[in-house]
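Input: a single structure, listed below in structure tokens.
Reckoned from all heavy atoms, side chains included, excluding hydrogens, waters and symmetry mates. Here, residue 1 is the first one in the sequence, and each next residue gets the next number.
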Amino acid sequence: VPQHVWRINLDTPEEAHQNLSFGAADRWWEQTDLTKLILASNKLQCLSEDVKLLPALTVLDVHDNQLTSLPSALGQLENLQKLDVSHNKLESIPEELMQLSHLKSLLLHHNELSHLPDGFGQLVNLEELDLSNNHLTDIPTSFALLVNLVRLNLACNQIKNLPADISAMKSLKQLDCTKNYLETVPSKLATMASLEQLYLRKNKLRSLPELPSCKLLKELHAGENQIEILNAENLKHLNSLSVLELRDNKIKSVPDEITLLQKLERLDLTNNDISRLPYTLGSLPQLKFLALEGNPLRTIRRDLLQKGTQELLKYLRSKMQDDVTSPNQEPPVTAMTLPSESRINMHAITSLKLLEYSEKQAAVIPDEMFNAGRSNPVTTVNFSKNQLNEIPPRIVELKDSVCDVNLGFNKISSISLELCMLHKLTHLDIRNNFLTSLPEEMEALTRLQIINLSFNRFKVFPSVLYRIAALETVLLSNNQVGSIDPLQLKKMERLGTLDLQNNDLLHVPPELGNCENLRTLLLEGNPFRTPRAAILAKGTAAVLEYLRSRIPT
């Protein structure tokens, strides 16, 4: 680092000597001290102790260099709030770093750290800590003092057990322990009341942790472990759970109590030893994705498994009905049923909160469907596989309750303003239509998490999506998208899945590599030359790393 960078607060700049007519207002170097210093993606092997000459720094970013150590003078930067030293070759962290009491974000991932200073708990204002991809075998007990920590990433280390004390982290929402050597999870973890996402994939767990106080837990990822039994006890407290991922384990059966997870949207049980399923799974009102491939299921035919979640749930529901109506009972349709209502499944509306009129090849949705939905709060609408040319205007009547809308496989060419008023919408499936653009008014869908726009006619990535901060999954495969804006994508902090397969991307911008929140990025079937297929085949992390390596410095 050139010496004048460290001395920027002290020395008068060259131009001031050459031009003596600077008025007081123009003398910027006397008015403010340097607050942000970004030295990322260089070839630095060390940082000078002169860093202490920049006491006003709030952000120091030296990621992607070749640092093997950090100067102890860093401890004097008492205003520092964000320190990014990821993607270096650090083997240890100086004790002095523990003096940075205002530090909010500390990124140490992709280094060679095998231990951490005991005084870590002194960083009391820390909100984000990323220690993934190091060589850590244990965690200092002083972590318990990090009561403001919101996100903790410990993935890809060699940690054998978590200290029970970390349960004192009262603000922790996201804990990622993917790919470690955990055999158990401390029972005290169960008291972490703020926890929303828990990643335990690729460990050595034999059972699912019991989490009675984790009332806010929305996602539990425990795939690729050695879990054999799924207990009712494990499930009954997880009232908020929307994602339960248990693929590649050794689970033999699913307890009936799975139906207590009323908010479950995704259940992945791929590659287990499950031979039978409770039919009551069909009654889970929010379930959108159910994966069961690779199980020795006796009661469900393989071809049914391949038809996808909706068909599977329909089958399970029909089996539930069979269980309910024994042969000697009257069928529920009585002489009192009005003829116009007979095509409306009132049971689905009242108990499943589902308004369904799909696979009818209809050009319009009959009014009686919406009339029936009036008196009952409907959360799910399925009008897929019809001949609709437009979104039914009366859909706006459901705006106070509907969260999930499926309009796939129709002939819709534009999104109506009525749809943009469904302010509770979290899932929108509008695949296989004739859309070329999305209206700016969609920005009002502030809760939208998943949007499926596959098999439409988009030529550019719809710009309004960049402004919907809640989006977690964007499926845009099989369109004609020619470009994407990586800087805008990086702002979508919750975006975890982006599917751009089979589009017209001639160029993948290297800056896309900075979108490190992406867990799944699918780019196959585009005409670009690089990254090559061999890199794409290695998976998302490898692609992002490759792209980062190509960012011009």
Side-chain angles (χ1 to χ4, degrees), residues 155-156 176-183 197-209 219-232 234-235 238 241-259 261 264-284 286-320 429 450 452 454 473 475 477 496-497 499 501 519-522 524-525 536-542:
C156 303
D176 191 343
C177 299
T178 304
K179 209 170 177 192
N180 276 285
Y181 299 147
L182 298 175
E183 291 179 16
Q197 294 173 306
L198 178 57
Y199 293 88
L200 297 166
R201 303 188 69 231
K202 297 190 179 185
N203 278 284
K204 298 188 171 181
L205 299 176
R206 295 194 173 280
S207 65
L208 207 56
E219 296 187 26
L220 177 54
H221 299 258
E224 294 186 59
N225 278 285
Q226 290 153 29
I227 299 171
E228 292 181 10
I229 296 176
L230 204 53
N231 282 330
N234 302 127
L235 301 174
L238 303 175
L241 206 64
S242 65
V243 177
L244 180 56
E245 188 267 310
L246 294 165
R247 57 175 304 147
D248 297 288
N249 276 290
K250 298 174 179 175
I251 297 168
K252 297 196 169 40
S253 67
V254 178
D256 285 338
E257 283 79 4
I258 192 94
T259 53
L261 307 181
L264 201 61
E265 295 174 14
R266 296 178 69 86
L267 176 59
D268 190 346
L269 295 165
T270 309
N271 299 337
N272 276 282
D273 299 331
I274 299 166
S275 55
R276 60 166 296 278
L277 270 187
Y279 293 138
T280 45
L281 255 180
S283 69
L284 285 173
Q286 309 274 346
L287 199 61
K288 318 278 184 310
F289 174 87
L290 174 60
L292 295 164
E293 294 82 17
N295 281 290
L297 287 164
R298 297 203 186 93
T299 47
I300 299 179
R301 298 193 318 275
R302 177 164 291 163
D303 64 315
L304 188 63
L305 288 180
Q306 289 164 348
K307 284 185 180 168
T309 301
Q310 294 308 323
E311 291 296 314
L312 201 49
L313 293 177
K314 204 182 285 184
Y315 169 78
L316 292 170
R317 283 199 282 270
S318 71
K319 285 292 189 190
M320 264 167 68
D429 187 343
I450 298 180
N452 190 342
S454 307
T473 299
L475 307 178
S477 68
T497 299
D499 183 353
Q501 295 178 97
R519 290 173 179 273
T520 306
L521 172 64
L522 303 172
E524 287 75 8
L536 295 181
K538 289 181 182 171
T540 301

* Asked: Do D248 and N271 meet the criterion of a side-chain donor-acceptor pair at a distance under 3.5 Å?
  -> yes
* Asked: After noting the C-alpha distance and the side-chain angles of L261 and L267, does the key distance pass the side chain to side chain contact (heavy atoms under 4.5 Å, CB included) rule?
  -> CA-CA 10 Å; L261 307 181; L267 176 59; over 6 Å; no
Considering all heavy atoms of both residues, which atom of [X] and which atom of [Y] are nearest to each other, and what is their separation?
{"X": "L536", "Y": "E524", "value": "CB-OE2, 3.7 Å"}
{"X": "I300", "Y": "L277", "value": "CD1-CD1, 3.9 Å"}
{"X": "L200", "Y": "C177", "value": "CD2-CB, 4.1 Å"}

* **salt bridge (Lys or Arg N to Asp or Glu O under 4.0 Å) partners of residues 249-259, not counting sequence neighbours, each pair once** => none
Give, for atom [atom1] of [X] and atom [atom2] of [Y], the distance between the pair rounded to the nearest 0.5 Å.
{"X": "N295", "Y": "D273", "atom1": "CG", "atom2": "CG", "answer": "7.0 Å"}
{"X": "R519", "Y": "H221", "atom1": "CZ", "atom2": "NE2", "answer": "7.0 Å"}
{"X": "E293", "Y": "L269", "atom1": "CD", "atom2": "CG", "answer": "10.5 Å"}
{"X": "S253", "Y": "I258", "atom1": "OG", "atom2": "CD1", "answer": "10.5 Å"}
{"X": "L264", "Y": "L238", "atom1": "CG", "atom2": "CG", "answer": "9.5 Å"}

* Structure fact -> ring pair (Phe, Tyr, Trp, His ring centres under 6.0 Å) filter on Y315, not counting sequence neighbours, yields none
Is [X] reaching over with its side chain to a backbone N or O of [Y], donor-acceptor style, under 3.5 angstrom?
{"X": "N180", "Y": "L182", "answer": "no"}
{"X": "N203", "Y": "N225", "answer": "no"}
{"X": "N249", "Y": "A222", "answer": "yes"}

Please name all residues satisfying side-chain contact (heavy atoms from CB on, under 4.5 Å) with [X], sequence neighbours left out, ordered by chain then number.
{"X": "R206", "value": "Q226, E228"}
{"X": "S477", "value": "S454, D499, Q501"}
{"X": "D268", "value": "E245, R247, T270, F289, A291"}

* To do: Show the numbers, then the answer: is there a side chain to side chain contact (heavy atoms under 4.5 Å, CB included) between L208 and L230?
  => CA-CA 7 Å; L208 207 56; L230 204 53; 3.7 Å; yes
* Partner of R266 by side chain to side chain contact (heavy atoms under 4.5 Å, CB included), out of V243, L241, L287, L290 -> V243
* To do: Report the residues that fulfil side-chain hydrogen bond (donor to acceptor under 3.5 Å, both in side chains) with E224, sequence neighbours left out, ordered by chain and then residue number.
  => R201
* To do: Indicate yes or no: at least one non-hydrogen side-chain atom of V254 is less than 4.5 angstrom from one of P278.
  => yes
* **Residues L235, L244; criterion side chain to side chain contact (heavy atoms under 4.5 Å, CB included); working and verdict** => CA-CA 10 Å; L235 301 174; L244 180 56; 4.2 Å; yes
* To do: I would like to know whether T497 and L475 meet side chain to side chain contact (heavy atoms under 4.5 Å, CB included); could you show each step before the answer?
  => CA-CA 8 Å; T497 299; L475 307 178; 4.3 Å; yes
